[in-house]
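Heads up: the structure comes next, in structure tokens.
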Amino acid sequence: MDNLKLWHKFLQTIKAKISPENFKAYFLKTLLKSVTENQIVLNVPSAFIVETLNRDYKRLIEDTFEKLLGKRALVEFRVKEFEPVSEEETENFFQPPQLQPVSLNPRYTLENFVVGPSNNVAYAAAEAVVQNPGTSYNPLFIYGGTGVGKTHLMLGIGNAILKRKPSLKTVYCASDKFMNDFVEAIQTHRMGDFRKRYRALDILLIDDIQFFSGREGTQEEFFHTFNELQGKNSQMVITSDRPPHEIEKLEDRLRSRFAGGLMVDIQSPDFDTRMAILKAKCAEQGERLEEDALRLLASSLDSSIRELEGKLMQIMQSLKLKNLPPTAENIASFLDQRPRKANLDPKLALSKICDFFNLSLKDLTGPRRQKELVLPRHIAMYILSEELQLTVEGTGKLLGGRDHTTVMHGRDKIRELILRDREVQKILIEVKNKLA
Ligand code: ADP
Ligand code: MG
């Protein structure tokens with residue numbers, strides 16, 4: 001058995017014995033260097049990982065090798081940043097992590113995208129791309145503020161192409177997925193695999209590319225992916241919350257590549273479009289609202305459609321719980337009685353949230369990651385930052401010193417769930433009642 005095969009078998013055995021997180025953190029980045037009569041040398045990417053392996057896993061590693069080799073050998077760790085393995089060789093042994101071709105959320109289509117003056121140019125470009133992928137506008141670069149429909153339109157393009165030409169390899173990829181895949185490919189010596197996957201696509205949808213800002217390695221890799229795809233007329237659609245020249249720390253050559261296709265923006269929706277969208281969302285949910293009620297809602301928010309949709313759902317849910325019909329009057333009173341609870345003591349709020357979920361404060365703010373703690377934590381993040389208007393940093397601090405990005409993630413998760421998850425809608429209403 002050669003070293004690579006042995007290492008592969010070793011990984012498979014170990015993987016079954018330890019948690020996926022630890023496996024990923026300590027073993028995926030490690031590589032078998034050499035095997036001799038009584039010594040096995042592993043190349044490990046950092047001294048920290050060496051320490052952990054030595055302390056927690058040495059025994060397990062030696063036992064596992066003993067089983068595979070039929071003899072006992074001592075394991076030695078060496079810190080080695082990067083040990084390139086022939087990519088071809090590696091590919092044959094590792095199942096490529098899948099880029100699922102049909103992972104597009106089917107909820108977002110061009111048919112249910114409401115068109116108005118704020119987005120009709122972008123919509124027309126989307127249709128053109130669907131008609132002639134790879135040839136008319138490549139890339140199609142869509143930019144605009146949050147919640148205006150960029151992701152929806154992009155997925156609409158993907159779904160329409162999938163429907164017309166199911167054989168095309170179409171992938172939607174949030175830009176952090178591209179980044180993470182890239183970093184993982186480097187760490188696990190699978191760049192060949194990574195390139196093969198991305199460069200074989202017919203349609204690549206990259207969402208929120210502003211996150212590439214400052215990531216030099218990722219940008220470099222994406223530049224090559226981009227050229228290769230463009231060279232073979234594979235369609236790319238890219239979204240961003242701002243135009244390329246406003247994305248800081250982005251390589252000029254990428255900027256000019258992005259601008260070389262078609263750039264379109266989506267603006268905040270005007271009143272009539274907001275009305276039309278509200279009507280469409282009501283119809284999707286099987287709700288009926290009076291024209292006056294819709295007007296009231298449409299005038300209460302003017303930039304983000306995501307928030308508008310969220311508010312609609314929240315109100316409908318609250319009214320239902322109170323057994324009130326969705327009249328303009330009732331909606332007005334709901335809109336009025338929503339003063340943010342900015343003066344409520346955050347600690348008190350936290351303890352009430354704990355009460356509600358029957359958890360101790362220690363559990364809620366502690367490091368454990370049990371499934372039953374996740375939702376309460378996200379709800380706490382949401383309540384503290386949205387309702388009590390604490391900063392995300394402040395919220396993180398109160399929740400056991402969590403990072404502000406963690407808080408943002410949790411808060412956004414709840415924002416998203418409010419739209420579709422009845423259970424979460426109910427929980428939030430009840431929690432908020434407790435705080436009132
Ligand atoms: P962005 O990616 O720009 O932040 P999204 O595409 O995620 O925004 O849109 C947010 C929400 O608003 C989604 O639920 C989406 O379906 C809805 N939405 C946005 N624009 C429209 C539109 N023109 N018609 C129907 N729904 C829309
Ligand atoms: Mg988006």
Side-chain angles (χ1 to χ4, degrees), residues 103-127 129-130 139-160 171-179 204-213 236-244 246-247 263-285 287 289 294 297-298 300-317 408-409 411-421 424-425:
S103 59
L104 303 185
N105 185 337
R107 237 179 59 89
Y108 301 105
T109 62
L110 291 183
E111 285 78 24
N112 66 14
F113 187 84
V114 175
V115 184
S118 55
N119 59 25
N120 58 1
V121 177
Y123 181 82
E127 291 227 289
V129 163
V130 170
L140 173 61
F141 191 98
I142 304 170
Y143 66 92
T146 44
V148 294
K150 301 180 297 294
T151 301
H152 185 142
L153 191 59
M154 169 185 253
L155 287 171
I157 295 173
N159 280 316
V171 156
Y172 165 83
C173 184
S175 35
D176 51 349
K177 162 118 172 60
F178 185 90
M179 262 170 343
L204 176 59
L205 314 170
I206 293 265
D207 208 1
D208 287 318
I209 203 142
Q210 73 274 5
F211 291 132
F212 278 8
S213 165
M236 286 170 283
V237 181
I238 300 172
T239 70
S240 164
D241 68 355
R242 64 200 78 177
E246 286 179 18
I247 304 177
M263 283 202 282
V264 287
D265 70 334
I266 301 185
Q267 308 266 335
S268 298
D270 60 25
F271 180 81
D272 289 338
T273 310
R274 297 202 297 275
M275 283 292 281
I277 289 174
L278 281 174
K279 278 183 190 163
K281 301 285 171 188
C282 284
E284 267 174 32
Q285 301 276 333
E287 309 278 5
L289 281 184
L294 288 174
L297 257 175
S300 74
L301 263 179
D302 62 5
S303 56
S304 162
I305 296 169
R306 182 178 298 121
E307 283 184 25
L308 190 64
E309 207 183 333
K311 201 173 217 182
L312 170 71
M313 301 305 297
Q314 231 176 343
I315 292 184
M316 295 305 293
Q317 199 64 23
M408 281 158 73
H409 172 79
R411 178 200 62 193
D412 290 351
K413 188 92 206 167
I414 298 299
R415 280 184 181 166
E416 188 66 33
L417 287 174
I418 290 174
L419 299 179
R420 358 217 158 272
D421 188 319
V424 169
Q425 292 165 359

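As the structure lists them, so they are numbered: ligands from 1, and atoms in each ligand from 1. Residues: numbered from 1 along the sequence shown.
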I'd like to check whether Phe113 has a polar contact with ligand 1, where a contact means an N/O of the residue lying under 3.5 Å from an N/O of the ligand. no
Where is the nearest protein heavy atom to atom 10 (C) of ligand 1: which residue, which atom, and how far? Arg306 CB, 3.7 Å
Asn112 heavy atoms, cut-off 4.0 Å: which ligand 1 atoms fall inside? 24 (N), 25 (C)
What part of Ile277 sits under 4.0 Å from ligand 1 if we count only heavy atoms: the side chain, the backbone, both or neither? side chain
CE/Met154 to CD1/Ile238 distance, rounded to the nearest 0.5 angstrom? 7.5 Å
Quick test: of every protein heavy atom, which one is nearest to atom 2 (O) of ligand 1, and how far off is it to 0.1 Å? Thr151 OG1, 2.7 Å
Numbered atoms of ligand 1 (with element) below 4.0 Å of Asn119, judged on heavy atoms: 23 (N)
Donor-acceptor contact present, side-chain Asn119 to main-chain Val114, <3.5 Å: yes
Ignoring hydrogens and geometry, is there a side-chain-to-backbone donor-acceptor pair from Arg242 to Ile247 under 3.5 Å? no
Closest non-hydrogen protein atom to atom 24 (N) of ligand 1, residue and atom name please, with distance? Val114 N, 2.8 Å
So, the side chain of Asn112 versus the backbone of Arg107: is there a donor-acceptor pair under 3.5 Å, distance only? yes
Considering only protein heavy atoms, which is closest to atom 6 (O) of ligand 1, and at what distance to one decimal place? His152 N, 2.8 Å
Please state whether the rings of His152 and Phe113 are parallel, tilted or perpendicular, taking 30° and 60° as the class boundaries. perpendicular
When rounded to the nearest 0.5 Å, the distance separating CG of Leu205 from SG of Cys173 is 9.0 Å
At a cut-off of 2.8 Å, what protein N/O/S atoms sit near the Mg ion (ligand 2)? Thr151 OG1
Can you list the steps and then say if Thr109 with Asn159 is a side-chain hydrogen bond (donor to acceptor under 3.5 Å, both in side chains)? CA-CA 6 Å; Thr109 62; Asn159 280 316; over 6 Å; no
List ligand 1 atoms under 4.0 Å from Thr146, heavy atoms only on the residue side. 4 (O)
Does Gly145 come within less than 4.0 Å of ligand 1, judged by its heavy atoms? yes
Tell me, do Pro117 and Thr273 make a side-chain contact under 4.5 Å, heavy atoms counted? yes
Could you state the interatomic distance from CD (Gln425) to CE (Met316), rounded to the nearest 0.5 Å? 10.5 Å
Glu309 heavy atoms within 4.0 Å reach ligand 1 at atoms 11 (C), 12 (O), 13 (C), 14 (O), 17 (C)
Quick one: which of Gly149, Ser240, Gly310 has a heavy atom closest to atom 19 (C) of ligand 1? Gly149
Does ligand 1 have any atom sitting under 4.0 Å from a heavy atom of Gly147? yes
Ignoring hydrogens and angles, tell me if any N or O in the side chain of Lys150 forms a donor-acceptor pair with the backbone of Gly144 under 3.5 Å. yes
Thr239, portion touching ligand 1 at heavy-atom distance under 4.0 Å: neither
Is Ile305 in polar range of ligand 1, meaning some N or O pair under 3.5 Å apart? no
Salt bridge (charged side-chain N to carboxylate O under 4.0 Å, His left out) involving Lys413 - partner list, sequence neighbours excluded: none
Close approach of Met154 to ligand 1, heavy atoms, under 4.0 angstrom: no
How many angstroms lie between atom CD1 of Ile277 and atom SG of Cys282, to the nearest 0.5 angstrom? 12.0 Å
Tell me, which protein residue and heavy-atom name are nearest atom 26 (N) of ligand 1, and how many Å apart are they? Lys281 NZ, 3.1 Å
Treating Thr239 as the side-chain partner and Asp208 as the backbone partner, does any N or O pair qualify as donor plus acceptor under 3.5 Å? yes
Are the side chains of Leu110 and Tyr123 in touch, meaning some heavy atoms are under 4.5 Å apart? yes
